[in-house]
Amino acid sequence: RIQLAESGGGSVQAGGSLRLTCAGTGFYGSRHCMGWFRQTPGKEREVMGTICPGAQTTTTYYADSVKGRFTVSQDDAKSTLYLQMNNLKPEDTAMYYCAADEYLGWVPSSPSFFTHWGQGTQVTVSS
């Protein structure tokens, strides 16, 4: 059974940085994609970045809104996922979730691809 646990959220001032961690168990990282998403009340869950195994190296996808500011990475086992967030803005305030699911040959960019989710960690950015 796949289990995911996020940590690292908190409060930070605009321009600051945070690093989120998602510890995953119950799956082979080399056969699964993982991703970071966020959601605010009344809005749909949106992708931040996803990462999938590849023949030579992993492949990533980033939402345009976070390119250049957020970086998705994994540990060597590919079961722990990180989200390095730099130059945070108040509009980045949200609950952040990680997700995982079997790799099907392409890098997903939609939350609907994923069926396994963590409980989330809150990020609050003040101006």
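- Residues Val12 and Thr124 have side chains not in contact (no heavy-atom distance under 4.5 Å, counting atoms from C-beta outward).
- Note that OG1 of Thr93 and CG of Leu88 are 8.5 Å apart. Values are rounded to the nearest 0.5 Å.
- Evaluation of the side chain to side chain donor-acceptor pair (under 3.5 Å) rule for Arg38 yields Glu46, Asp92, Tyr96 as partners, not counting sequence neighbours.
- The side chain to side chain donor-acceptor pair (under 3.5 Å) check on Asp76 picks up nothing, with sequence neighbours excluded.
- Listed by first and then second residue, the disulfide (SG to SG under 2.5 Å) pairs that reach into residues 79-111 are Cys22-Cys98, sequence neighbours excluded.
- His116 pairs by the ring-ring contact (aromatic ring centres under 6.0 Å, His included) definition with nothing, not counting sequence neighbours.
- Taking Thr40 as the reference, nothing meets the side chain to side chain donor-acceptor pair (under 3.5 Å) condition, with sequence neighbours excluded.
- Looking only at distances, a side-chain donor or acceptor of Asp75 sits under 3.5 Å from a matching main-chain atom of Thr80.
- In summary, the aromatic rings of Phe70 and Trp36 are positioned with their centroids too far apart to meet the 6.0 Å limit.
- The shortest non-hydrogen separation linking Ala100 to Met34 is CB-CG, 4.0 Å.
- Between the side chain of Asp101 and the backbone N or O of Thr115, at least one donor-acceptor pair lies under 3.5 Å.
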Side-chain donor-acceptor pairs of residues 103-112 under 3.5 Å, sequence neighbours excluded:
residue: Ser110; atom: OG; partner: Ser112; partner atom: N; Å: 3.1
residue: Ser110; atom: OG; partner: Ser112; partner atom: OG; Å: 2.8

